[in-house]
Amino acid sequence: MTNHWMKYMLGLATLLVTPQVVAQTVHCKDSLGHRRLRSAMWATCQQDNPSVVYAACWAYQAHAIEDKDNEAYYDSWTCGIMFNLDRMNIHDAYHIVNTMKDDLVRRKNEAADEQFLAPKMLGHVYNACGNIPGAVAELKKAIELIKGTKYERDGLSFLYLAMAHIQLNNDTNETLKWLDKDLNELERHNDQKEYWRGMADALAMKAIVMFKEKKYDAFYEYYRKSEEADKSNPNQIGDLFLPYARIYKTVLDGNPEKALKDVEKLANMKERYLLRCDIYRYIGDNEKAFMIQRELMHKRDSITGVMIAENIQKQEDEMVLLRQGQKASHVMNIVLVIAMVLALMLIIGLAMTIYGKRRYQDILVKKNRELKAAYKQVAAADEMKTEFIRSVSHEIRTPLNIINGFTQVLTEEGSEFEPSERKGIADTISKNTRHITSLVNKMLALANEHTKDLLKDVDVCDALEICRRAISAMPDVDPTKIRVELNDLTDGEDKKLVTNSDSLLQMLGNILENASKFTEQGYIRLTLKKDSDFFHFTIEDTGCGIPDNKINTIFDRFVKVDEFKEGLGLGLAYCHETAEKLGGTLTLDKTSEKGTTFILSLPIKLKTTE
């Protein structure tokens, strides 16, 4: 776990000593010590202890401050950021970037040439968490800011390379466009110190694009050129993309097992995910490729959700401080006016001041209480909105990616499939389409339950027929492992029920869908009973049951028994609220590791206001 204490101590020390740094000198006073400290700092990134990295950054930063070297000073910030990005510690990298950004704003006069660093590093952070538009926008800012500075000659080409990298798994045409800009910039300054390293990485990325486009002859050609350029590179340990190209070559050479082992040696966790995904796609194991991609998306979504929530909270805190400042200014004006009155009217002014202060304090206390109550409501609404957006985006994007992936497979030129394979693909697309439709229906149903008067759509329906329709609409289950049963225990009595039949069907569908989702062996049984006043619909399954810590909140919105199962956590909440509106109840009768039983009870004849 990241050592936050060490990180914030480093940030605090930086803020205390920053005013001593001025414009970068041409050479460090101790060039040998400078190189030794810089090499030691970047070498610490090969291990996983953050305290060691931050200590090395601090030592190099202290040396940079002593020599008044801006480039070295901000290089120490960059090292801490890249260390965290390599390990997908995006949350920590994001905080360090924002602290560095504040430092650059505060020192914009003496660090005018270094202003491009903030959008550059923020672009890398956005790229790591999958925010491609945000990453592109920030790097475009960095490209404009670096122009005309002392860093343009050696740094602009690497920004073009970063833009190409952002689009590598999104739009290969855009990648090639930025790579051409990179190569043109390198040729324009072919005497720069990082020329051969830049050439090796640009050509290696072109080779990777060819691999992704399945142009394997072109891959080998660009790979050969990249290796030739790297022979003239004096800093081969700093290669960015040539190591990845070598792994792709190992795959094409027919040794995917070795390639997968080489992937695990890479420092960058995100790139390990992406390379493994490409390797499994190449060897035809699409299921593993999908699971790896889903794991990366889940990790990105979780991190992005935390960052969004923190930004919202930060904005709220700033608004509170602004309002407090305005109130304090207003109070100060009142005090000044009162002071002037006191100078003219000593005793009368004093009495009016005391009275005015007491009255104002009472109003202020009352307003503060109202503001606190309102803030709690806003915070709760924001938290629910954030959770809803995260859940919906994750649950809808996953089946959409599956549909898109299999559609591309079906439409790919030269692809031939056995009838069983084609049917399997079609079933998968159909299943995920139904899943998206189900999610949308649930959200619409939950939204409508606040505005729709369920009692206006009451009709006479057949309770047993509703049960049959709910069973037939269930998601498909393996009949060799799970029995789906419908038991009528009404003993031939009248099955007529006066209620909202659409809402009843939706409730039974939601509960049966949950049962099919969590039952892997045994049975799912829907039993219809009747007494003098109510119909009772009992849904039993032999699934995994509900954990003890979820029993009391199972009918709350966004509560899920298993966070890794599909769904938004809205189905039971909708059923519980709708049952009460229809004059009935939905209860959890029993749950254990051997299964769960819900009982939905509705009055035989619903009383309406008509």
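Quantities reported herein were computed from a predicted structural model and do not represent experimental measurements.
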Notebook entry, point to check: Given Thr499, which of Asp459, Leu602, Val460 fulfils the side chain to side chain contact (heavy atoms under 4.5 Å, CB included) condition?
Noted result: Leu602

Check: side chain to side chain contact (heavy atoms under 4.5 Å, CB included) with Leu528: which of Thr490, Thr538, Ile466, Leu486?
Finding: Thr490

Next item on the list: Show the numbers, then the answer: is there a side chain to side chain contact (heavy atoms under 4.5 Å, CB included) between Leu260 and Tyr280?
Entry: CA-CA 9 Å; Leu260 288 170; Tyr280 283 123; 3.7 Å; yes

Does [X] reach the side chain of [Y], with side-chain heavy atoms less than 4.5 Å apart?
| X | Y | value |
| --- | --- | --- |
| Asn510 | Met507 | no |
| Ile539 | Arg525 | no |
| Arg483 | Ile524 | no |
| Leu504 | Leu497 | yes |
| Ile208 | Leu168 | yes |
| Tyr94 | Val97 | no |
| Thr585 | Glu580 | no |
| Gln506 | Tyr574 | yes |

State the [atom1]-[atom2] distance between [X] and [Y], to the nearest 0.5 angstrom.
| X | Y | atom1 | atom2 | answer |
| --- | --- | --- | --- | --- |
| Phe535 | Lys496 | CZ | NZ | 10.0 Å |
| Met121 | Glu138 | CE | CD | 12.0 Å |
| Asn514 | Phe598 | CG | CZ | 7.0 Å |
| Glu540 | Ile599 | CD | CD1 | 8.5 Å |
| Lys594 | Thr542 | NZ | OG1 | 11.5 Å |
| Leu526 | Cys467 | CG | SG | 4.5 Å |

Margin query: If the condition is side-chain hydrogen bond (donor to acceptor under 3.5 Å, both in side chains), which residues does Tyr244 pass it with, not counting sequence neighbours?
Written below: none

Check: Can Tyr248 and Asp278 be counted as having a side-chain donor-acceptor contact under 3.5 angstrom?
Finding: yes

Check: With no hydrogens and no angle check, do the side chains of Glu213 and Thr172 hold a donor and an acceptor under 3.5 Å apart?
Finding: yes

Using a 6.0 Å cut-off, check whether atom [atom1] of [X] has over 12 heavy atoms from anything other than its own residue.
| X | atom1 | value |
| --- | --- | --- |
| Lys101 | NZ | no |
| Asn552 | CG | no |
| Glu287 | CD | no |

Shortest non-hydrogen separation from [X] to [Y] and the atoms involved:
| X | Y | value |
| --- | --- | --- |
| Asp541 | Thr519 | CB-OG1, 3.4 Å |
| Gln521 | Ile482 | N-CG1, 4.1 Å |
| Val477 | Ser516 | CG1-CB, 3.7 Å |
| Ala579 | Leu586 | CB-N, 4.1 Å |
| Ile471 | Glu485 | CD1-O, 4.3 Å |
| Ala470 | Leu505 | N-CD1, 3.7 Å |

Checklist line | N/O donor-acceptor pair under 3.5 Å between Lys261 side chain and Pro256 backbone | finding: no

Item checked: Backbone of Glu493 reached by a side-chain donor or acceptor of Lys495 within 3.5 Å -> yes

Next item on the list: Could you go through the ring-ring contact (aromatic ring centres under 6.0 Å, His included) check for Phe211 and Tyr282 one step at a time?
Entry: CA-CA 9 Å; Phe211 179 91; Tyr282 175 80; 5.6 Å; yes

Check: Going through the distances and angles, do Asn89 and Leu85 end up as a side chain to side chain contact (heavy atoms under 4.5 Å, CB included)?
Finding: CA-CA 6 Å; Asn89 297 329; Leu85 287 180; over 6 Å; no

Notebook entry, point to check: Of the options Asn170, Asn169, Asp171, which is the one that meets Gln167 in a side chain to side chain donor-acceptor pair (under 3.5 Å)?
Noted result: Asn170

Margin query: Please evaluate residues Thr587 and Leu600 with respect to the criterion side chain to side chain contact (heavy atoms under 4.5 Å, CB included), reporting the C-alpha separation (whole Å), side-chain torsions for both, the decisive distance (0.1 Å), and the verdict.
Written below: CA-CA 7 Å; Thr587 58; Leu600 172 62; over 6 Å; no

Next item on the list: Quick one: list whatever passes salt bridge (charged side-chain N to carboxylate O under 4.0 Å, His left out) with Asp48, sequence neighbours left out.
Entry: Arg87

Check: What residue pairs, at least two apart or across chains, pass salt bridge (charged side-chain N to carboxylate O under 4.0 Å, His left out) with a residue in residues 461-470?
Finding: Glu465-Arg468

Item checked: Stepwise side chain to side chain contact (heavy atoms under 4.5 Å, CB included) test for Asn127 and His165 -> CA-CA 9 Å; Asn127 183 33; His165 181 221; 3.8 Å; yes

Margin query: One thing to verify: whether Asp488 and Lys529 come together as a salt bridge, which I'm taking to mean a side-chain N less than 4.0 angstrom from a carboxylate O.
Written below: no

